[in-house]
A.B. asks: 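Let me begin by handing over the structure; questions about it come next.
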Amino acid sequence: LAAADAKEMDLSIYEGAILAASVHVGRYQKSLEEFASLRSVALKGMKTLFLSVSLAAAGDEEDDWAELARIVEKLIEETGWTPGQVEHVAGAFKFEEYDFFKYWAMRWMESKRDPDAKAGTDREYTDWAKLADVLKTWAPVC
């Protein structure tokens with residue numbers, strides 16, 4: 001369910017919540033930020049997992065990881081919600097899904113990350129097995 005569509009959702013009937021958003025230009029999607037801010041009290045009363053999706057999580061550059069930590073801290077400061085657990089998940093390049101401008105912006109980012117990458121070729125960085133393990137260990141007891 002998209003964050004924009006969940007603003008009125010009754011969270012009291014749930015034991016936990018997983019929120020996910022991707023990093024774009026140093027922030028998460030506005031709809032996620034608004035949801036977390038509006039529903040911070042309800043979220044504080046339950047087990048929560050925040051999946052922060054970014055291409056920076058695909059690497060091991062110290063500066064990238066420091067920036068990811070800063071972005072999460074900014075989310076916490078601006079929304080008043082502190083996730084119970086934060087997991088950084090590597091994203092993907094999905095060139096077929098991009099409009100003209102996003103295609104070239106993402107192509108530029110890809111060329112900086114991997115100069116040998118074949119231009120415009122989709123590339124998956126998500127470690128799906130690791131993500132599945134995170135979800136298995138996080139899941140509230142039913």
Side-chain angles (χ1 to χ4, degrees), residues 1-115 117-140 142:
L1 184 61
D5 298 330
K7 290 180 184 174
E8 303 301 321
M9 183 181 222
D10 179 8
L11 298 180
S12 68
I13 64 173
Y14 299 101
E15 293 180 36
I18 300 172
L19 279 70
S22 54
V23 176
H24 296 276
V25 195
R27 306 191 64 102
Y28 297 106
Q29 287 92 344
K30 188 77 169 161
S31 60
L32 180 278
E33 292 176 349
E34 289 173 355
F35 176 82
S37 183
L38 286 170
R39 306 311 300 273
S40 64
V41 172
L43 291 168
K44 287 176 187 176
M46 65 175 55
K47 185 174 182 177
T48 57
L49 170 62
F50 179 55
L51 301 175
S52 172
V53 182
S54 67
L55 289 169
D60 50 11
E61 294 290 323
E62 190 174 317
D63 290 345
D64 287 346
W65 284 95
E67 178 67 7
L68 291 176
R70 187 194 65 73
I71 293 167
V72 170
E73 283 302 315
K74 185 176 180 180
L75 175 73
I76 291 168
E77 290 171 14
E78 292 182 358
T79 65
W81 170 59
T82 301
Q85 180 179 344
V86 175
E87 290 292 329
H88 293 280
V89 180
F93 285 112
K94 300 284 187 177
F95 290 98
E96 291 180 10
E97 297 175 15
Y98 303 150
D99 65 24
F100 177 82
F101 296 106
K102 188 169 185 177
Y103 175 94
W104 286 106
M106 296 301 281
R107 178 62 192 115
W108 176 79
M109 287 175 53
E110 180 186 42
S111 70
K112 290 184 64 87
R113 176 170 291 288
D114 184 1
K118 184 176 176 188
T121 302
D122 288 359
R123 178 173 270 155
E124 180 71 52
Y125 291 100
T126 307
D127 183 340
W128 292 104
K130 179 183 173 194
L131 181 57
D133 287 342
V134 167
L135 295 173
K136 285 177 193 171
T137 59
W138 176 85
C142 298

A.B. asks: Report yes if the side chains of I76 and P83 come closer than 4.5 Å at any heavy-atom pair, otherwise no.
C.D. replies: yes
A.B. asks: Counting only N and O atoms by type, is there a donor-acceptor contact under 3.5 Å from the side chain of K44 to the main-chain atoms of G80?
C.D. replies: yes
A.B. asks: Does L43 reach the side chain of M46, with side-chain heavy atoms less than 4.5 Å apart?
C.D. replies: yes
A.B. asks: Measuring only between side-chain heavy atoms, which start at C-beta, is E15 closer than 4.5 Å to K47?
C.D. replies: no
A.B. asks: For T48 and G84, indicate whether the former's side chain and the latter's backbone hold a donor-acceptor pair under 3.5 Å.
C.D. replies: yes
A.B. asks: Would a 4.5 Å heavy-atom cut-off, applied to side chains only, mark H88 and V72 as touching?
C.D. replies: yes
A.B. asks: Under a 4.5 Å cut-off applied to non-hydrogen side-chain atoms, are Q85 and V134 in contact?
C.D. replies: yes
A.B. asks: Please report the C-alpha distance between L32 and T79 in whole Å, then the side-chain angles of each, then the deciding distance to 0.1 Å, and finally whether the side chain to side chain contact (heavy atoms under 4.5 Å, CB included) criterion is met.
C.D. replies: CA-CA 10 Å; L32 180 278; T79 65; over 6 Å; no
A.B. asks: Tell me whether E73 is salt-bridged to R70, with the criterion being a basic N under 4.0 Å from an acidic carboxylate O.
C.D. replies: no
A.B. asks: Going from CG on L135 to CG on L51, what distance comes out if it is rounded to the nearest 0.5 angstrom?
C.D. replies: 6.5 Å
A.B. asks: With a 4.5 Å cut-off on side-chain heavy atoms, are W138 and E87 touching?
C.D. replies: no
A.B. asks: As an exercise, state the distance from CG of L68 to CG of D64, rounded to the nearest 0.5 Å.
C.D. replies: 6.5 Å
A.B. asks: Donor-acceptor pair, T126 side chain versus A90 backbone, under 3.5 Å?
C.D. replies: yes
A.B. asks: Under a 4.5 Å cut-off applied to non-hydrogen side-chain atoms, are S52 and I71 in contact?
C.D. replies: no
A.B. asks: Can you check whether E33's main-chain N or O pairs, donor with acceptor, with S37's side chain at less than 3.5 Å?
C.D. replies: no
A.B. asks: If you define the side chain from C-beta out and look only at heavy atoms, does anything of K74 sit under 4.5 Å from Y28?
C.D. replies: no
A.B. asks: Check whether any side-chain N or O of R39 sits under 3.5 Å from a backbone N or O of W81 as a donor-acceptor pair, and report yes or no.
C.D. replies: no
A.B. asks: I would like to know whether L11 and M9 meet side chain to side chain contact (heavy atoms under 4.5 Å, CB included); could you show each step before the answer?
C.D. replies: CA-CA 6 Å; L11 298 180; M9 183 181 222; 4.0 Å; yes
